There are 2 protein chains.
Amino acid sequence: MKQVDEQEALLQLDNQLCFMLYACSRAVTKAYRPKLETLGLTYPQYLVMLVLWEWQRQPPEQASVKALGERLLLDSGTLTPLLKRLEQLGLVERRRAVHDERERVLALTEAGMQLKQQAASVPQTLLCESGVPAEEISRLRQELAQLLARVC
Amino acid sequence: MKQVDEQEALLQLDNQLCFMLYACSRAVTKAYRPKLETLGLTYPQYLVMLVLWEWQRQPPEQASVKALGERLLLDSGTLTPLLKRLEQLGLVERRRAVHDERERVLALTEAGMQLKQQAASVPQTLLCESGVPAEEISRLRQELAQLLARVC
DNA sequence: AGCAATTAAATTGCATACAATCTAATTTTA
DNA sequence: TAAAATTAGATTGTATGCAATTTAATTGCT
């Protein structure tokens, strides 16, 4: 009987870390949506732009799709069409690497660089609106980083 | 200069709680995939089954798509096709409510109920394989539940 | 009763995710 | 060096998510 109840408890939705992650991720993404709409970006597109803006200050070995995928934990099946859309938007260029024709070299256009100014207020604004203390967010972020390191 | 650096820091990918949630959610879902494949379920389908199994013990007012959506924070645009697939798999029935023809009454088939036995070991197994202490998972889950309550 | 407002699902359209496969370029190795 | 193995992206196919719209049924209101 005890066994059954324990098993029962393990299957309860509210006891599942995975569901909380899944629900929180979608909820937070949804909170971003209105802000990102003013930038003309979806959430995954915004993440890609964050990385490309970072790369301006700290250039990676190769600004390739592979490097981007390693940073965001996404594969070319997701990134290729997404990057094509950013290219269509005039934010990103997708050239071929000279030293290796297989490789794409990703680069920001002037417009892509400019957009950073508008994006700068997004995290700040959401942080405030959420009403969650900054230190709580920071702590949670660190705990999730640890979890991610273990799971991946 | 300080202003610029702070803004810079706020845009750093690793400083974004949202990215950690997004990455962790996908990573954990990926960890579930092989186990769920043996059940013939995707991860969202598994979540729906969790709710329906729960409803066997604690029936809701109405076992409707709406009630399911409130539990999982998903809308009919996602749930309708997903439920049709579960119906095709022979796990779920989608009848019409007698008292209100707009409403779908969701019910488990015999096979749907049986599947619970096989599913029972999934959370346990993953908990062990992850190597993350159970109490750490529990704490994180609670913190995320609080965050979810604030954001939603 | 009769019609407007509301509501539950379904549908449509677009953008991810991701496994699996394919293609082309580069490396390795016999 | 020439074929085999590897690698970077692209493509294909399936299943979400979700906003926006549509459809059908029910409620409210006069």
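Computed from a predicted structure; not experimentally measured. Letters go in sequence order (proteins before strands), and every chain restarts at 1.
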ask   = From the list C/dC18, D/dA10, C/dA8, which nucleotide is the closest neighbour of the side chain of A/Arg94?
value = D/dA10

request  = Among the candidates C/dT11, D/dC18, D/dT26, find the nucleotide nearest to the side-chain atoms of B/Thr80.
outcome  = C/dT11

task = Return the value, rounded to whole Å, for the distance between atom CD of B/Glu37 and atom P of C/dC18.
result = 13 Å

inquiry  = Without decimals, in angstroms, what is the distance between A/Tyr46 OH and C/dT16 P?
reply    = 15 Å

request  = Report the nucleotide, chosen from C/dA19, D/dG9, D/dT26, that has the shortest atom-to-atom distance to any side-chain atom of A/Val65.
outcome  = D/dG9

query = Can any side-chain N or O of A/Trp53 pair as donor or acceptor with the backbone N or O of A/Gly112 at less than 3.5 Å?
reply = yes

inquiry  = The side chain of B/Arg33 is closest to which nucleotide in this list: D/dA19, C/dA19, C/dA9?
reply    = C/dA19

For B/Phe19, the option from A/Leu144, A/Val28, A/Leu72 that meets side chain to side chain contact (heavy atoms under 4.5 Å, CB included) = A/Leu72

B/Lys84 side-chain N/O to C/dT11 phosphate OP1/OP2 under 4.0 Å = yes

inquiry  = Can you see if the side chain of A/Arg102 gets near the phosphate of C/dT23 - specifically, an N or O under 4.0 Å from OP1 or OP2?
reply    = no

task = Report the distance from atom CG of B/Leu68 to atom P of D/dG17, rounded to the nearest whole Å.
result = 13 Å

ask   = Considering only side-chain heavy atoms of A/Gln45, which listed nucleotide, C/dT26, C/dA15, D/dG9, is closest?
value = C/dA15

key: Sugar-phosphate only, base, or nothing, as touched by B/Asp100 at under 4.0 Å among non-hydrogen atoms   = sugar-phosphate

Donor-acceptor pair between A/Glu110 and A/Gln114 side chains, under 3.5 angstrom = yes

task = Tell me what A/Leu79 touches on the nucleic acid: a base, only sugar-phosphate, or nothing, going by heavy atoms under 4.0 Å.
result = nothing

task = For B/Ser64, answer base if it contacts any base atom (sugar-phosphate contacts may also be present), sugar-phosphate if it contacts only those atoms, and nothing otherwise; contact means non-hydrogen atoms under 4.0 Å.
result = sugar-phosphate

task = Could you please name the option among C/dT11, D/dG9, C/dC18 that lies closest to any side-chain atom of A/Lys66?
result = D/dG9

request  = Measure from the side chain of A/Lys30, starting at C-beta and using heavy atoms only, and say which of D/dC18, C/dA9, C/dT16 lies closest.
outcome  = D/dC18

ask   = Where does the angle between the aromatic ring planes of B/Tyr43 and A/Tyr22 fall among parallel (under 30°), tilted (30 to 60°) and perpendicular (over 60°)?
value = perpendicular

remark   = Atom CD of A/Glu70 and atom P of D/dT7 are separated, to the nearest Å, by 12 Å

task = Starting from P on C/dC18, measure out to CG on A/Leu73 and report it in whole angstrom.
result = 9 Å

task = Return yes when atom CZ of A/Arg95 has more than 12 non-hydrogen atoms of other residues, nucleotides or ligands closer than 6.0 Å, and no otherwise.
result = no

message = Would you say B/Arg104 places a side-chain N or O within less than 4.0 Å of OP1 or OP2 belonging to C/dA8?
response = no

ask   = Counting side-chain heavy atoms from CB outward, which of D/dT16, C/dT16, C/dA10 is closest to A/Leu82?
value = C/dT16

key: Sugar-phosphate only, base, or nothing, as touched by B/Thr42 at under 4.0 Å among non-hydrogen atoms   = sugar-phosphate

query = Looking across every strand, which nucleic acid part, if any, lies under 4.0 Å from A/Ser76 by heavy atom: base, sugar-phosphate, or nothing?
reply = base

key: Any B/Tyr43 side-chain nitrogen or oxygen under 4.0 Å from OP1 or OP2 of D/dA15   = no

request  = Looking at every strand, decide which applies to B/Leu74 at a 4.0 Å heavy-atom threshold: base, sugar-phosphate, or nothing.
outcome  = sugar-phosphate

task = Return the 5'-most residue of the pair A/His99, B/Arg96 with respect to DNA chain C, ranking by each residue's nearest nucleotide.
result = B/Arg96

ask   = Is B/Lys66 salt-bridged to B/Glu70, cutoff N-O under 4.0 Å?
value = yes

task = Could you tell me the separation between the CG atom of B/Leu36 and the P atom of C/dA17, rounded to a whole number of Å?
result = 19 Å

task = Rounded off to whole Å, could you give me the CZ-to-P distance for the A/Arg95 and D/dG9 pair?
result = 15 Å

query = Does B/Thr78 or A/Val105 map to a spot on DNA chain D nearer the 5' end, using the closest nucleotide for each?
reply = A/Val105

ask   = Where the side chain of B/Glu101 is concerned, which of D/dT26, D/dA10, D/dA19 is the nearest nucleotide?
value = D/dT26

message = By the 4.0 Å heavy-atom rule, please label A/Arg85 as base, sugar-phosphate, or nothing.
response = base

task = Provide, to the nearest angstrom, the distance between the CG atom belonging to A/Leu83 and the P atom belonging to D/dA10.
result = 8 Å

ask   = Do NZ/NE/NH1/NH2 and the carboxylate oxygens of B/Glu101 and B/Arg96 come within less than 4.0 Å?
value = no

